[in-house]
Amino acid sequence: MARPVIEGIAAPDKPGFEAGEENLDADAAGHDDGGEARPVGSMLRLTVATFFENKLAIAGLVIFVLLVLFSFVGPHLYVTNQVTVNPANSNYGPSSAHLLGTDGEGFDVLGRLMVAGQSSIEIGLAAGLCAAIFGTIYGAVSAVAGGVVDAVMMRLVDALYSLPTLFLLILLSAIFSPNLPLMIAVLGFISWLGPARLVRGEALSLRTREYVQAVKVAGGSQRRIVLRHIVPNAIGTIVVNTSFLIADAILALAALSYLGLGLPNTTPTWGGMLSNGTTVIFDGYWWQLYPAGIAIVLTVVAFNFIGDALRDSLDVRLQRR
Amino acid sequence: MIGYLIRRFGQSVIVLLIVTVFMFVLFHMLPGNPARAELGVRAQPAAVAAFDRLNGFDKPIWYQFWVYIDKLAHGNLGFSYIQNASVAQLFAQRFPKSILLVGLAYALAIIVAIPLGILQAVRRNKIDDYALTGASFVLYSFPTFWLGIILIEIFAISLHWLPPTAPEGTTVGQILSDPKGLVLPVVNLALVSIAAYSRYMRSAMIDSLAQDYIRTARAKGVGRKAILFRHALRNSLIPMATLIGLSVPAVLGGAVITEQVFNYPGVGLLFIQSAGSEDFSVLLGLTLVAAVGVIVGNLIADIGYAVLDPRIRY
């Protein structure tokens with residue numbers, strides 16, 4: 001996990017700059033012509049169109065769809081027993097009976113890869129989405145509330161940001177015993193800070209726009225401003241960020257599994273398979289190591305591609321006007 | 001400038017204070033209570049009461065927090081009952097070794113990534129740029145520990161060039177006496193940073209090359225090399241300085257994994273072992289120290305940015 005946090009790269013905290021300001025300038029140029037809340041539909045359609053012109057985006061999407069099919073449809077086509085341990089069957093190399101061999105407990109590796117894919121993808125998506133939703137609301141509320149509330153909420157984010165992700169992750173998983181919902185919560189908890197900062201940055205500029213002011217004057221509630229005006233207008237930034245969050249969550253889950261703080265073996269994950277595989281490298285059981293690792297790298301690459309391409313396509317959309 | 005420095009420093013102090021509150025709250029959220037966590041679940045009530053009295057856990061919470069802050073101010077990070085040593089002692093023993101690993105990896109990453117980024121910017125959208133971009137994308141998506149395992153498989157198991165584990169030793173001197181063992185851990189930790197830094201260097205360089213002053217320099221007849229290194233590179237290094245300061249948390253996290261993979265006897269390994277034995281005072285103490293490292297890194301990044309870029313005035 002020697003990955004500099006992507007939000008940090010996208011919007012370094014230069015002195016005197018709010019996170020996400022570069023985006024804001026571009027966005028301001030895009031929205032000012034109307035001065036009106038842009039219908040989300042047309043914006044979305046244009047974004048989707050430019051997204052599909054991007055080869056990298058298509059590559060990412062295709063990889064992801066294939067992985068989902070592999071994990072969720074695959075087990076119906078390639079039926080294996082992933083429930084009972086069978087020591088007599090352990091550590092066989094690839095053969096026609098077991099296309100990718102078996103692991104130390106006698107499970108078919110290819111079949112296990114599919115089942116593990118389900119939980120890995122689900123956990124990654126759930127953690128990324130939770131973080132994005134919570135971070136978005138937190139950031140928007142902080143910006144709309146302003147003043148002391150904003151200052152306190154943001155200092156809290158600063159403080160949490162200064163705890164290195166992996167340290168916090170290890171600490172939290174050592175305190176809370178690992179199970180599926182808690183794992184999602186912990187992974188989500190370490191990654192909502194980025195979207196919170198980004199959305200606050202966007203919201204700070206959006207809340208001064210005429211249409212938000214108009215809602216205020218007309219007596220619209222804070223909640224309406226956040227949910228109907230700020231969140232839909234910041235959705236581009238949020239989607240891009242979420243894609244990176246999912247990639248990070250999948251990697252973080254793998255790292256935790258390797259450190260022995262992941263989910264128990266009854267819930268197979270790619271990270272768990274990969275870390276089991278690392279214990280047998282001196283035996284040369286490559287099939288227990290490489291397939292799971294490749295699956296993780298493919299998923300993470302796919303989400304990074306999608307995120308990158310989305311960011312580009314949003315830029316393109318803005319440049320076109 | 002001085003005013004900015006003071007304000008920025010004050011901000012760091014506030015953030016640090018919030019972090020200590022957070023650590024304090026976490027310590028009190030531990031399963032059971034500190035006494036049970038330290039003495040075990042089967043401890044007698046009398047022993048628990050004695051432990052609470054000894055450590056001041058029977059006092060009001062605000063008083064405990066004050067004592068905690070007071071201890072921290074005196075360099076007391078807590079006491080590990082499992083290792084029977086103070087956290088500061090354990091930390092001091094391992095810190096120089098981790099600094100060695102992290103420092104070397106940082107140096108290697110910067111030395112490799114900056115020329116790579118320049119190359120990609122100059123050869124933009126050519127075949128080698130695409131190849132390097134693809135490589136850094138894949139590298140960036142690698143689980144750090146798997147990268148380490150692959151390095152071990154290739155260079156230790158197949159080729160027998162380098163030892164698969166880090167040098168063991170209690171001092172930096174002992175570790176340096178076996179430099180071969182240091183190679184794989186340092187390379188492992190540097191590789192993922194190289195992927196990120198070179199991407200960033202590439203875009204910073206492309207940005208610089210598109211500036212008006214580059215066109216001016218070209219127009220007045222400055223040579224190609226001089227434009228690249230004197231005009232573009234120097235300006236591209238400013239955002240790099242910021243990025244390097246901001247990447248401290250990621251590198252520290254990477255160091256934890258790397259130390260585990262190669263069994264390198266640094267702070268990260270201590271942290272993981274403490275997580276395994278549920279030694280919470282060590283975990284919390286080390287997390288706090290890591291947070292200080294990150295806060296200092298951010299401070300240096302911000303100040304460095306202000307000092308390096310003469311266009312910025314506060």
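Side chains included, hydrogens not; waters and symmetry mates left out as well; all remaining heavy atoms used. Throughout, a chain's letter reflects where its sequence line sits, starting with A, and its residues are numbered from 1.
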Out of curiosity, A:Ser275 OG to B:Ile149 CD1, how far, rounded to the nearest 0.5 Å? 10.0 Å

[X] versus chain A, the contacting section by heavy-atom distance below 4.5 Å:
X        : value
B:Leu147 : neither
B:Gln260 : both
B:Ile272 : side chain
B:Ile157 : side chain

Hey, are the side chains of [X] and [Y] touching, using non-hydrogen atoms and a 4.5 Å cut-off?
X        : Y        : value
B:Trp146 : A:Leu289 : yes
B:Pro143 : A:Val297 : yes
B:Val294 : A:Pro164 : yes
B:Phe137 : A:Val300 : no
B:Phe145 : A:Leu274 : yes

Of A:Val301, A:Leu171, A:Leu172, A:Leu168, the largest count of non-hydrogen pairs under 4.5 angstrom with chain B goes to A:Leu171

One option among B:Ala156, B:Gly293, B:Ala291 has the most heavy-atom pairs under 4.5 Å with chain A, and it is B:Ala291

Using a 4.5 angstrom heavy-atom cutoff, name the option from B:Val261, B:Leu286, B:Val21 with the most pairs to chain A. B:Val261

Residues pairing under salt bridge (Lys or Arg N to Asp or Glu O under 4.0 Å) where one sits in residues 148-173 of chain A, two or more places apart or in two chains, turn out to be A:Asp150-A:Arg200, A:Arg155-A:Asp158, A:Asp158-A:Arg197

Return each pair, listed once, that meets salt bridge (Lys or Arg N to Asp or Glu O under 4.0 Å) where at least one residue sits in residues 250-260 of chain A; pairs must be two or more places apart or across chains. none

Give the ring-plane orientation class for A:Phe189 versus B:Phe22, where under 30° counts as parallel, over 60° as perpendicular and anything between as tilted. parallel

Does any backbone or side-chain atom of [X] lie under 4.5 Å from a heavy atom of chain B? Answer side chain, backbone, both or neither.
X        : result
A:Ile250 : neither
A:Tyr290 : both
A:Ile294 : both

Work out which heavy atom in [X] is nearest to a heavy atom in [Y]; give both atom names and the distance.
X        : Y        : result
A:Leu166 : B:Gly253 : CD2-O, 3.1 Å
A:Leu251 : B:Ser141 : CD2-O, 3.7 Å
B:Ala275 : A:Ile170 : CB-CG2, 3.5 Å
B:Val15  : A:Ser162 : CG1-OG, 3.9 Å

